[in-house]
Protein chains: 2
Amino acid sequence: MTSVESGDEPPWNPYRKACPTRQLLDRIGDRWTVLVVGALADGPRRYTELARRIEGVSQKMLTQTLRALERDGLVVRTVHPVIPPRVEYELSDLGRSLLAPLGALERWAIDNIADVLAAREDYDHG
Amino acid sequence: MTSVESGDEPPWNPYRKACPTRQLLDRIGDRWTVLVVGALADGPRRYTELARRIEGVSQKMLTQTLRALERDGLVVRTVHPVIPPRVEYELSDLGRSLLAPLGALERWAIDNIADVLAAREDYDHG
DNA sequence: CCGCATCCAATCCGATACTG
DNA sequence: CAGTATCGGATTGGATGCGG
């Protein structure tokens with residue numbers, strides 16, 4: 001239990017649990033968050049639309065992910081009081097501002113996936 | 001740069017399991033990968049040095065994360081045959097190229113964490 | 001149409017003990 | 001110093017059924 005943590009470390013130190021980067025990573029780290037944000041990039045979508053568009057997501061995880069995004073102010077949920085219910089989700093300004101860094105990551109993935117797969121092949125066989 | 005397509009869908013569709021973005025997210029999605037990469041940003045580090053620097057990581061997870069990064073060609077592991085053993089880890093060129101998009105994400109986190117926390121507060125109390 | 005509740009299997013991960 | 005091996009609690013997440 002030797003605490004290396006000196007009580008006055010800067011809050012952005014990524015090794016502290018309360019740091020922004022850590023919190024963001026905890027949010028986008030899960031399997032679905034980034035996919036949902038991406039699916040909302042083009043504009044508002046209905047619940048069923050998202051479920052159909054994001055291959056493999058279960059109702060449970062889609063709902064859970066949308067709630068978490070809504071809670072963090074990244075997604076706005078609008079309920080239209082009609083029958084049958086119509087619920088639309090769209091990115092907030094904050095949510096849209098996340099698209100740029102996410103896009104950079106996607107760009108990296110596309111540009112470098114071949115190298116990564118090749119390295120994996122080498123590692124497993126060599 | 002060869003594509004990894006299988007079937008008729010485009011390889012960059014993030015909803016396909018084999019897509020680069022999905023694979024990258026699976027890699028950086030876990031709790032420790034990004035922290036380890038960050039801890040190696042300044043140069044080579046020894047195993048124990050990393051363990052000490054990354055607060056809260058267990059031996060098991062540190063080793064596991066380093067192996068995964070090595071397998072993907074993002075980290076280079078060098079064993080110096082001396083007693084006691086000396087093992088150094090450092091980012092490869094590929095690994096270093098990941099620092100930019102990761103940095104963009106970190107900047108977003110720092111710039112927007114306050115808004116996220118405020119939204120959370122609203123959601124929980126309102 | 002939207003989404004919550006429950007069950008349950010799979011996985012993750014920290015703790016602990018041991019090794020060259 | 002730099003790991004490996006194993007156990008068990010905690011978490012994740014899919015499947016299913018129900019409710020507004």
Side-chain angles (χ1 to χ4, degrees), chain A residues 1-5 14-17 22-23 25-37 39-40 44-71 75-90 123, chain B residues 14-17 22-23 25-37 39-40 43-72 75-90 123-124:
Chain A
M1 293 317 180
T2 316
S3 178
V4 185
E5 183 177 357
Y15 312 118
R16 297 196 65 249
K17 296 172 180 47
R22 171 72 72 96
Q23 294 199 31
L25 288 171
D26 284 348
R27 165 66 57 248
I28 74 164
D30 74 87
R31 188 170 182 68
W32 301 112
T33 293
V34 172
L35 296 179
V36 170
V37 171
L40 291 171
R45 301 274 176 193
R46 298 181 62 174
Y47 180 87
T48 310
E49 228 176 329
L50 290 171
R52 195 171 47 245
R53 197 166 167 193
I54 304 173
E55 182 184 333
V57 72
S58 63
Q59 276 193 344
K60 176 183 174 178
M61 291 317 297
L62 180 54
T63 299
Q64 193 176 108
T65 303
L66 287 168
R67 287 293 170 279
L69 288 170
E70 187 192 2
R71 186 169 105 99
V75 159
V76 177
R77 178 173 180 265
T78 307
V79 180
H80 299 89
V82 297
I83 295 176
R86 177 185 183 88
V87 181
E88 288 199 320
Y89 295 90
E90 65 179 320
Y123 187 94
Chain B
Y15 313 117
R16 295 195 64 252
K17 293 167 185 50
R22 172 71 74 95
Q23 294 198 32
L25 288 172
D26 283 349
R27 164 67 56 247
I28 73 165
D30 73 87
R31 188 169 183 70
W32 300 113
T33 293
V34 172
L35 295 179
V36 170
V37 170
L40 291 172
R45 301 276 176 192
R46 299 179 62 172
Y47 180 87
T48 309
E49 225 175 330
L50 290 172
R52 195 173 46 246
R53 199 168 166 191
I54 303 174
E55 182 183 334
V57 72
S58 63
Q59 276 192 344
K60 177 183 175 178
M61 291 317 296
L62 180 55
T63 299
Q64 189 173 308
T65 303
L66 286 167
R67 288 291 172 280
L69 287 170
E70 188 193 0
R71 186 168 105 99
D72 285 356
V75 159
V76 177
R77 178 174 179 265
T78 308
V79 181
H80 299 89
V82 297
I83 296 177
R86 178 184 182 87
V87 180
E88 288 198 320
Y89 295 89
E90 65 179 320
Y123 188 94
D124 292 344

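Order of the sequence lines fixes the chain letters, A, B, ..., with proteins taken first and strands second; residue numbering starts at 1 for each chain.
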Exercise for the section: Considering just the side-chain nitrogens and oxygens of A/Y89, establish if one lies under 4.0 Å of OP1 or OP2 belonging to C/dG3. Expected result: yes
Round to the nearest Å and state the distance from [X] atom [atom1] to [N] atom [atom2].
X     : N      : atom1 : atom2 : value
B/L62 : C/dC12 : CG    : P     : 17 Å
A/R45 : C/dC1  : CZ    : C1'   : 18 Å
A/R77 : C/dC1  : CZ    : P     : 16 Å
B/D26 : C/dC12 : CG    : C1'   : 14 Å
A/M61 : C/dT6  : CE    : P     : 18 Å

Looking at every heavy atom in both [X] and [Y], which two are closest together, and how far apart are they?
X     : Y      : result
A/V57 : A/L62  : CG2-N, 3.7 Å
B/R67 : A/Y123 : CD-OH, 3.7 Å
A/D30 : A/T65  : OD1-OG1, 4.3 Å
B/L50 : B/A39  : CD2-CB, 3.8 Å
B/T33 : B/R27  : OG1-O, 3.1 Å
A/P85 : A/R46  : O-NH2, 3.6 Å

Distances for protein N or O near nucleotides 17-20 of chain C N or O, under 3.5 Å:
none

Practice task
Check whether any side-chain heavy atom of A/E88 lies under 4.5 Å from a side-chain heavy atom of A/R77, and answer yes or no.
Solution key: no
Practice task
Tell me, please, the opening and closing nucleotides of DNA chain D, 5' to 3', among those with an atom under 4.0 angstrom from a non-hydrogen atom of chain B.
Solution key: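 So the contact region on DNA chain D extends D/dC1 to D/dC7.
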Problem - B/T78-B/Y89 side chain donor-acceptor pair, cut-off 3.5 Å - result: no
Handout entry: First of A/R67 and A/K60 reached from the 5' end of DNA chain C, by closest nucleotide
Key =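 Mapping each residue to its closest nucleotide by heavy atoms, the 5'-most match is A/R67.
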